[in-house]
There are 2 protein chains.
Amino acid sequence: MSLKKPVKVLIADDHELVRDGIRARLEDETNIDIVGDASNGKEAIELISKVNPDLILLDINMPEMNGFETLEQMRKMELKQHVLYLSLYDNKEYVRRAKALGANGYMLKDVSQEEMISTIYNASEGGFWVNTSLDDSLNEPASEMPILTEREQEILTAIAAGKLNKQIAGELNISVRTVESHRSAIRQKTGGGNAASLAKIASDLGLL
Amino acid sequence: MSLKKPVKVLIADDHELVRDGIRARLEDETNIDIVGDASNGKEAIELISKVNPDLILLDINMPEMNGFETLEQMRKMELKQHVLYLSLYDNKEYVRRAKALGANGYMLKDVSQEEMISTIYNASEGGFWVNTSLDDSLNEPASEMPILTEREQEILTAIAAGKLNKQIAGELNISVRTVESHRSAIRQKTGGGNAASLAKIASDLGLL
DNA sequence: GTGCAATTGAGTAGTTCTACGGAGGCGCGT
DNA sequence: ACGCGCCTCCGTAGAACTACTCAATTGCAC
């Protein structure tokens, strides 16, 4: 291990406190070099070409550009660095999205120092790694939460914001009946009942 | 400053990573001693009598016993230590509650190291201190979010969970019309429109 | 081109919510 | 004793949502 080149890590998290915590945890680890940190996705992407990291520790909830948007953008720019997500939320949908986007891991912020370090090494080699505490979520019935189409997500977000079907129809320039159709598709896919439960689901899905 | 006795601080946060970050930030500060850390409110309360801190850095969202419940419990036990809340959320209702409970401050997790340290010193002396970035929230129209009665909160929580008026009425053994009355009072007080926006408001109020 | 998913739109019925209005009982503090 | 806030309940009318059904268009994949 100690003969190999150290893993160059870029930290992207909007909370300086969390970045400080990560730095403190990794600074004694001689095979990990922290080569930079960013407080949102945009900064992270700008830094990538400058500091050329091997792995990006990427928070999901960030202002300006969140973790998912960041990875999408990286793919468009053909940036091939490994990405390890770091999130507060034990959310299956998040894990699913991370995997779908081709990330190399999803780590909850309640990891211990040891697990954080070993997950960083693992993810830097490739594959997809998650917290041991998340294993269950992954092995559960393959029946993931059905995936909503873009339009459906758009409408679900509007519903969760408290907008009326009439308003939504107006904003999207479609008929109220169409909004109803989408809404009913969403209910069927998610199992959600009334408007309030759809709002809850929207937040579980990370649409806010 | 350096002549005074150091401030003894107890950290309570469910994320070891955050605790590590705080430790790293405070360890060079000779007038602050970290005398213990806890991962939830229960642990914190048990530790208080053992380590006798001057100030407790208390996270709000924790399993087992959250930050608000913890301070309530401390009041019941007549524990007089100062409390400085530490939270992810820029939420007026949280700040209002913290103040109402007699805490000595409310600090967002995006504080810089300098501000964190000075806020700790300030709060350890008494008073009520908040992030500079939160000042606005405090100085805004004195008209705080109208406070809901217990019953109204109970019903708002149920609404946000997606329950129908009929269900809520059944669970609380009251008439559907009564639920409607409460619901309408909630709408009037919060300015919320339909069910979905009430769900959003419930989450803003920290009722989940 | 055939098939399939996504998006758009509609009919019809029934349920639920919203927006007014009103009122009685109960406890608490002055 | 009186007021006041909270909780309880009701009527009526209309707006919004839900639950089914069906179908035309588009675009993409095989």
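Every chain is numbered from 1, with letters handed out A, B, ... down the list of sequences.
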Query raised in the report: How are the rings of Tyr85(B) and Tyr106(B) set to each other: parallel, tilted or perpendicular (split at 30° and 60°)?
Result: tilted

Would you say [X] reaches [N]'s phosphate, i.e. side-chain N/O to OP1/OP2 under 4.0 Å?
{"X": "His182(A)", "N": "dT7(C)", "result": "no"}
{"X": "Arg183(A)", "N": "dA19(D)", "result": "no"}
{"X": "Thr149(B)", "N": "dC7(D)", "result": "yes"}
{"X": "Asn165(A)", "N": "dA16(D)", "result": "no"}

Query - Quiz item: Ser181(B) side-chain donor-acceptor pair to dC9(D) base, under 3.5 Å - result: yes

Query raised in the report: Looking at dT12(D), does its base get a donor-acceptor pair with the side chain of Arg177(B) below 3.5 Å?
Result: yes

Report summary line: The residue, Glu180(B) or Asn173(B), whose nearest nucleotide of DNA chain D is more 5′ is Asn173(B)

Query raised in the report: Does Gly192(A) or Lys166(A) map to a spot on DNA chain D nearer the 5' end, using the closest nucleotide for each?
Result: Lys166(A)

Query raised in the report: Any idea which of dC10(D), dG9(C), dC17(C) is nearest the Ser175(B) side chain?
Result: dC10(D)

Between [atom2] on [N] and [atom1] on [X], what's the gap in Å once rounded to a whole number?
{"X": "Lys189(B)", "N": "dC6(D)", "atom1": "NZ", "atom2": "C1'", "answer": "9 Å"}
{"X": "Ile168(A)", "N": "dG9(C)", "atom1": "CD1", "atom2": "C1'", "answer": "16 Å"}
{"X": "Asn194(A)", "N": "dA16(D)", "atom1": "CG", "atom2": "C1'", "answer": "12 Å"}
{"X": "Arg187(A)", "N": "dC17(D)", "atom1": "CZ", "atom2": "C1'", "answer": "7 Å"}

Query raised in the report: How is Ala195(B) classified with respect to the nucleic acid when contacts are heavy atoms under 4.0 Å: base, sugar-phosphate, or nothing?
Result: sugar-phosphate

Query raised in the report: Using a cut-off of 4.0 Å on non-hydrogen atoms, how would the nucleic acid contact of Thr178(A) be classed: base, sugar-phosphate, or nothing?
Result: base

Query - Beyond-backbone contact of Arg183(A) with Leu198(A), side-chain heavy atoms, under 4.5 angstrom - result: yes

Query raised in the report: Does any N or O in the side chain of Arg96(A) come within less than 3.5 Å of the main-chain N or O of Ile147(A), such that one atom is a donor and the other an acceptor?
Result: no

